[in-house]
Structures are given as structure tokens and as C-alpha cells.
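The structure appears below as C-alpha cells.
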Amino acid sequence: MIKKTTVDLGNRSYEILIGENILDDAGSHIRGLLNRARTLIVTDENVAQHQLFRLEASLAAEKISFETIILPAGERTKSIGHLETLLEAMLKTNLERDDMIIALGGGVIGDLVGFAASIYLRGIGFIQVPTTLLAQVDSSVGGKTGVNSPQGKNLIGSFHQPRLVIIDITTLETLDPRHIVSGYAEIVKYGLINDPKFFEWLEKNGSNLISGSKETRLNLRSEAILKSCEAKSAIVAKDEKETGARALLNLGHTFGHALEAENGYDEGLLHGEAVAMGIILAFQLSERMAICPPGDLHRVQNHFEQTSVPLLSSFSFTLERLLQHMTKDKKMADGKLTFVIASGIGKSYLSRDVDMKDVKAVLELGLKG
Ligand code: GLY
């Protein structure tokens with residue numbers, strides 16, 4: 001059964017389709033959106049091994065001709081260099097203004113392809129087929145696209161909404177457990193922002209969602225992915241360009257980005273792991289500011305501990321370096337950092353009135369362990 005939700009953006013609205021083995025029918029969902037029966041698939045070497053043949057077969061079944069470009073796997077592919085390679089491939093393929101391209105992969109491929117689509121011939125359509133949990137619940141929805149630069153992550157990019165998101169939960173079966181836990185942090189985030197009932201549901205079902213028996217985990221994942229996509233769609237529909245409410249989706253990210261930057265953006269600390277650690281720090285900060293009850297902080301900490309999120313004290317980071325990274329955050333405005341803090345589970349809000357002394361104190365405690 002296919003679950004559906006819509007990102008409501010007027011004449012740029014699009015559907016998110018979620019299902020088991022839906023990748024094998026992707027062509028039939030895509031066909032009606034194409035102006036002519038041709039497209040370009042962009043993927044990476046890992047996803048090409050496991051999933052590409054399924055998408056290609058589904059396009060062939062619909063008589064959609066396609067070319068495929070396979071890029072190296074990993075964060076380094078989200079670069080100006082690979083953007084150029086991709087744009088040249090698009091030009092060689094003679095893609096026209098009314099054509100669309102397909103991003104098959106995780107957040108790196110989705111962000112890169114979305115950005116290329118936004119600038120090729122001043123903008124063409126693209127379809128997201130996310131294959132990691134993190135991309136399925138966050139990066140494939142909402143139209144943030146871009147590449148990294150030596151100065152930092154996602155500093156060059158655009159808002160460009162996809163025309164369709166196709167989420168096949170069976171693609172998660174080939175992911176290693178750390179990547180599942182990393183994506184799971186972004187799911188927990190939606191409960192903590194504004195949905196305490198969803199957080200309760202995750203407290204009950206989270207461990208089975210991560211590593212339960214096949215039937216159980218597929219059912220729980222599809223439910224949680226739908227819930228996450230609905231939550232994100234509602235926020236994006238209200239504030240597409242992040243002038244307000246969308247910034248709530250950055251819960252844990254001001255801390256998390258600093259941790260990732262200090263770790264050099266390598267596989268030693270995955271984005272979602274950094275976000276989970278950042279969410280704990282955001283709740284510790286809120287508790288220290290006497291805004292969040294200690295009981296809520298403990299529930300958040302316990303929940304992440306059960307998913308084996310790494311501890312801040314297990315990294316040899318220094319307070320000074322982390323603070324330096326935080327003050328380079330692209331969301332800094334007028335010399336002040338915006339934090340997402342919480343007056344409890346499901347009660348997050350934006351604050352520019354956080355005393356850096358409290359930030360230092362929670363980081364110091366976390367680093368000591
Ligand atoms: N990942 C946060 C956002 O899309 O706004």
C-alpha cells in the first residue's frame with residue numbers, strides 16, 4: 001500500500017509517495033510528470049550497486065529513455081567540482097527546459113542534483129528518490145539544495161522544490177545500522193519540536209523501528225517516515241524560505257554542525273549522530289536556563305542512549321574550537337546565534353537570548369562526560 005502526503009506550495013505543490021518496493025514502479029509515477037519520455041538519473045557508486053537496476057527497469061517498462069551518471073559516494077561529492085561534472089553531463093545529454101532529472105541516493109546526491117537542476121537552463125524540474133533514512137525524513141523534502149565549500153557545509157545553494165518524492169522503505173534494508181540510527185535522530189526531532197505524542201510513540205516503538213524483525217521494522221518505519229514527512233511538509237508550507245518557523249527544524253543543529261565541522265565531516269561522526277548529540281545539548285541548555293523540566297531532559301537523554309548515539313566525551317574536542325565553529329554558523333545574524341530551545345518535549349521555540357555562558361557550561365560538562 002502506498003502512503004501519500006503533499007507539500008502544499010500552491011502551483012509548486014508536490015506529492016511524497018511512501019511504500020514498500022515502490023522503486024520498482026517509479027517509472028509509472030514519473031511518466032505523467034515528464035514532457036517527453038527521457039530523463040537523466042544521477043546516483044552514487046554505492047546506491048548504483050544496490051538500487052539503480054530497479055529504477056532503470058521501471059523507466060524501461062514505461063518506455064522512458066534515460067542516461068545515468070554515477071558519482072563517487074560520500075560527502076566530498078557535494079562540491080563545486082562535481083556540480084560542474086554534473087552540469088556538463090546534463091548539457092551533453094541535451095536536457096531541455098521541460099525535462100527533469102532524477103536524484104537516486106542519499107542527502108549528498110539529492111542536494112547536489114537539486115542544486116544542478118535549479119541552475120541548469122535557469123532551472124529545470126527534478127525528482128527525489130531518497131535511499132537513506134536521513135534523506136527520506138528530511139533532506140529530500142523541502143527544497144534545500146546546495147554544495148559544500150572549503151569554508152563550510154551548504155554555504156552555496158538555493159531553494160528549489162522537487163516535483164515528486166518517491167520513498168521506497170526497502171532501500172533502507174542495505175544500510176548499515178549506524179546510518180539508520182543517524183536518520184532516526186531526525187525522526188525524533190519532529191516529536192521534540194511540536195509533537196509530544198509522536199515522541200511517546202517513538203519511546204515505545206523506536207528500538208523495533210531501528211532493529212526489529214523485518215515485518216515489524218518495515219511497518220514502523222513506514223509509519224514514522226510518513227509522520228516525519230507530514231511534519232516537515234507542514235512547516236515548509238508555512239515558511240518555505242526559512243524566515244521563521246522552518247528554523248525550528250534546526251533543533252540540535254547549531255551544536256551538531258559545530259561537532260561535525262570539528263570532526264572534519266568524515267564518517268567518524270555522521271550528520272544524524274551529531275544532530276542527536278546536538279539535541280541532547282539543546283535540552284541540557286534549556287534545562288540549565290530553567291526553561292525545561294529535568295524530567296523531560298532525562299527522557300530525551302534516555303531515548304537517545306537506547307539508540308547508541310555517541311557520547312560527546314568520547315571525542316577529543318575542545319571547548320574553544322567548538323565555540324569557534326558555532327560563531328561561524330550561517331544562521332548567525334547581527335553577531336547573535338539563534339538557538340532552538342525547548343520548554344519541554346514537543347515545546348520547542350527559537351531564541352536569540354541565550355547567554356553564551358550557559359552554552360559554554362553545557363559543552364564543558366558534555367566534554368568531561
Ligand atoms: N533540514 C532542515 C530544513 O530542511 O529546513
Side-chain angles (χ1 to χ4, degrees), residues 21-24 26-27 30 38-60 64-93 95 100-117 120 126-140 144-150 153-154 156-157 162 165-183 186 260 263-274:
N21 296 316
I22 187 178
L23 185 54
D24 303 314
I30 290 169
R38 61 177 300 198
T39 185
L40 172 72
I41 304 171
V42 186
T43 191
D44 74 27
E45 283 159 352
N46 289 345
V47 180
Q49 258 180 28
H50 299 292
Q51 315 295 350
L52 179 59
F53 66 96
R54 301 175 66 190
L55 178 58
E56 289 185 339
S58 83
L59 295 177
I64 300 169
S65 70
F66 55 85
E67 290 190 38
T68 302
I69 166 161
I70 302 175
L71 297 170
E75 191 71 30
R76 273 166 212 239
T77 296
K78 230 176 98 170
S79 66
I80 292 278
H82 284 102
L83 176 69
E84 197 179 340
T85 310
L86 175 54
L87 289 167
E88 276 166 15
M90 289 163 78
L91 288 164
K92 277 200 200 113
T93 313
L95 285 175
M100 284 195 207
I101 56 176
I102 305 175
L104 173 71
V108 166
I109 290 294
D111 286 9
L112 175 74
V113 172
F115 189 36
Y120 180 82
F126 79 114
I127 293 164
Q128 289 271 23
V129 186
T131 56
T132 63
L133 187 54
L134 197 122
Q136 294 184 348
V137 298
D138 183 24
S139 61
S140 68
K144 278 192 182 172
T145 78
V147 293
N148 302 328
S149 72
K153 259 185 107 169
N154 299 327
I156 301 162
V165 182
I166 299 177
I167 299 177
D168 184 339
I169 57 169
T170 66
T171 62
L172 305 178
E173 294 297 300
T174 54
L175 287 190
D176 70 64
R178 264 185 80 206
H179 282 88
I180 295 289
V181 170
S182 171
E186 299 280 3
E260 272 184 293
N263 204 58
Y265 302 110
D266 70 16
E267 290 275 308
L269 179 62
L270 302 175
H271 175 69
E273 291 173 331

Discussion item. Using side chain to side chain contact (heavy atoms under 4.5 Å, CB included), reason through K153 and E75 one step at a time and then give a plain yes or no.
Written reply: CA-CA 10 Å; K153 259 185 107 169; E75 191 71 30; 3.3 Å; yes
Fill in: With Q128 via side chain to side chain donor-acceptor pair (under 3.5 Å) - residues at least two apart
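Result, side chain to side chain donor-acceptor pair (under 3.5 Å) vs Q128: none returned.
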Item to complete: Indicate whether the side chain of E173 and that of H50 have a donor and an acceptor atom separated by less than 3.5 Å.
Response: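 No, because no side-chain N or O of E173 sits under 3.5 Å from a partner of the opposite role on H50.
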Practice prompt. Apply salt bridge (charged side-chain N to carboxylate O under 4.0 Å, His left out) to R54 and list each qualifying residue two or more places apart in sequence or on a separate chain.
Written response: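 Per chain and number, R54 pairs via salt bridge (charged side-chain N to carboxylate O under 4.0 Å, His left out) with D24, D168.
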Student check: side-chain heavy atoms of [X] and [Y] closer than 4.5 Å:
| X | Y | value |
| --- | --- | --- |
| T39 | I30 | no |
| L104 | I109 | no |
| T77 | D44 | no |
| I22 | I167 | no |
| I156 | F115 | yes |
| T43 | V129 | no |
| I80 | S149 | no |
| L23 | T131 | no |

Closest heavy-atom contact between [X] and [Y]?
| X | Y | answer |
| --- | --- | --- |
| Q136 | T171 | NE2-OG1, 3.2 Å |
| L55 | A26 | CD1-CB, 3.7 Å |
| F126 | A117 | CB-CB, 3.8 Å |
| G105 | A135 | O-CB, 4.3 Å |
| V165 | P130 | CG1-CD, 3.9 Å |
| R38 | T93 | NH2-O, 2.6 Å |

Discussion item. Could you walk me through whether N154 and K78 satisfy the side chain to side chain contact (heavy atoms under 4.5 Å, CB included) test, starting with their C-alpha distance in whole Å, then the side-chain angles of each, then the deciding distance to 0.1 Å, before giving a yes or no?
Written reply: CA-CA 9 Å; N154 299 327; K78 230 176 98 170; 2.5 Å; yes
[X] side, atom [atom1]; [Y] side, atom [atom2] - distance, nearest 0.5 Å:
| X | Y | atom1 | atom2 | answer |
| --- | --- | --- | --- | --- |
| L52 | E56 | CG | CD | 3.5 Å |
| T174 | H179 | OG1 | NE2 | 11.0 Å |
| N46 | I70 | CG | CD1 | 11.0 Å |
| H82 | L71 | NE2 | CG | 6.0 Å |
| M90 | Y120 | CE | OH | 6.0 Å |
| L40 | F66 | CG | CZ | 10.5 Å |

Discussion item. Using only atom types and a distance under 3.5 Å, with no angle test, would you say the side chain of T68 pairs donor to acceptor with the backbone of I41?
Written reply: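 The answer is no, because no donor-acceptor pair under 3.5 Å joins these two groups.
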Worksheet item: Counting heavy atoms not belonging to R178, are there more than 12 under 6.0 Å from its CZ?
Response: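 Yes.
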Fill in: Full working for side chain to side chain contact (heavy atoms under 4.5 Å, CB included) between L83 and L112
CA-CA 7 Å; L83 176 69; L112 175 74; 4.0 Å; yes
